[in-house]
Amino acid sequence: MAAKSRRRQSPYGAAYVSGSAARKLAPVDEPVRRPKKRNRIDAVTIRRNREKALQMDLPYVVALTIAAVCALYLCVNYLQLQSSISARLQNIETLEKEIETLKTNNDALETRIETSVDLDYVYEVATEELGMVYANKDQVRLYGKTESEYVRQYEDIPEQ
């Protein structure tokens with residue numbers, strides 16, 4: 001009994017046979033594509049165009065220099081603005097801390113002043129040493145002011 005054989009094409013172009021009774025087939029060659037020959041004139045033109053593309057002419061260099069200087073100016077200006085903003089923020093923070101400490105000191109001083117005044121002592125000195133007395137009801141006059149809630153010291157008192 002004869003074993004079946006197969007002929008396969010390898011990716012490298014050589015044919016191999018498997019089995020003992022393989023048929024002999026001629027390998028199929030693929031047509032080789034060769035690039036078209038370029039004219040010598042076309043090659044020279046292409047080479048010249050490539051050289052022109054790689055060269056930098058004066059207007060291109062001037063425009064590139066101006067663009068680089070503008071970009072550098074914008075970057076430096078941006079950094080200066082960032083620096084001034086951060087310096088101002090730090091200044092604001094120090095001023096806020098200073099205000100907070102001043103408010104704390106002010107509140108402490110106000111509390112000390114309020115607790116330092118003894119109203120009983122003031123009453124004793126006013127009544128005993130200075131001879132002051134409370135006003136009687138007939139000495140007190142009340143009046144209403146419709147324009148404002150504030151009373152000015154040197155303003156005329158309206159008659160009732």
Side-chain angles (χ1 to χ4, degrees), residues 2-122 141-159:
K4 289 186 178 180
S5 66
R6 292 187 183 146
R7 179 174 223 159
R8 294 184 184 165
Q9 186 76 19
S10 75
Y12 303 109
Y16 67 93
V17 178
S18 65
S20 63
R23 292 181 281 164
K24 292 185 178 182
L25 296 175
V28 178
D29 290 333
E30 293 182 18
V32 178
R33 294 183 183 173
R34 294 184 183 170
K36 295 180 180 178
K37 292 184 180 180
R38 293 184 181 169
N39 293 339
R40 184 176 171 132
I41 298 171
D42 290 341
V44 171
T45 306
I46 291 172
R47 187 173 41 97
R48 284 182 188 164
N49 287 339
R50 285 183 186 164
E51 288 175 0
K52 284 182 182 179
L54 292 176
Q55 289 179 355
M56 293 196 294
D57 52 351
L58 184 63
Y60 179 76
V61 171
V62 169
L64 188 62
T65 305
I66 291 172
V69 167
C70 289
L72 181 65
Y73 173 74
L74 290 175
C75 290
V76 168
N77 195 15
Y78 176 75
L79 290 175
Q80 285 178 346
L81 286 174
Q82 285 292 100
S83 174
S84 67
I85 287 172
S86 63
R88 287 181 184 179
L89 288 176
Q90 288 176 354
N91 189 20
I92 288 172
E93 288 177 3
T94 56
L95 291 175
E96 286 177 347
K97 288 179 184 177
E98 185 179 338
I99 288 174
E100 189 65 31
T101 56
L102 289 174
K103 282 184 180 181
T104 305
N105 292 340
N106 192 20
D107 291 342
L109 285 173
E110 186 178 2
T111 305
R112 272 188 26 208
I113 290 170
E114 287 176 359
T115 57
S116 69
V117 176
D118 185 15
L119 295 178
D120 293 331
Y121 176 73
V122 171
R141 292 190 181 174
L142 300 174
Y143 69 96
K145 187 169 181 172
T146 58
E147 294 174 15
S148 171
E149 294 296 321
Y150 298 102
V151 177
R152 293 190 182 160
Q153 185 175 0
Y154 297 109
E155 192 174 285
D156 292 336
I157 298 174
E159 296 290 327

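Remember, predicted model here, so these are calculated numbers, not experimental data.
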Determine all donor-acceptor pairs shorter than 3.5 Å in which one atom belongs to a side chain in residues 61-85; sequence neighbours excluded.
residue: Thr65; atom: OG1; partner: Val61; partner atom: O; Å: 2.7
residue: Ser84; atom: OG; partner: Gln80; partner atom: O; Å: 3.4
residue: Ser84; atom: OG; partner: Leu81; partner atom: O; Å: 2.9

Contacts under 3.5 angstrom, residues 96-105 side chains, donor-acceptor by atom type, not counting sequence neighbours:
residue: Thr101; atom: OG1; partner: Lys97; partner atom: O; Å: 3.3
residue: Thr101; atom: OG1; partner: Glu98; partner atom: O; Å: 2.7
residue: Thr104; atom: OG1; partner: Glu100; partner atom: O; Å: 2.8
residue: Asn105; atom: ND2; partner: Thr101; partner atom: O; Å: 3.4

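Taking 4.5 Å as the limit, every side-chain heavy atom of Ile113 sits out of range of all side-chain heavy atoms of Glu110.
Atom CZ of residue Arg48 and atom CD1 of residue Ile46 lie 12.0 Å apart, to the nearest 0.5 angstrom.
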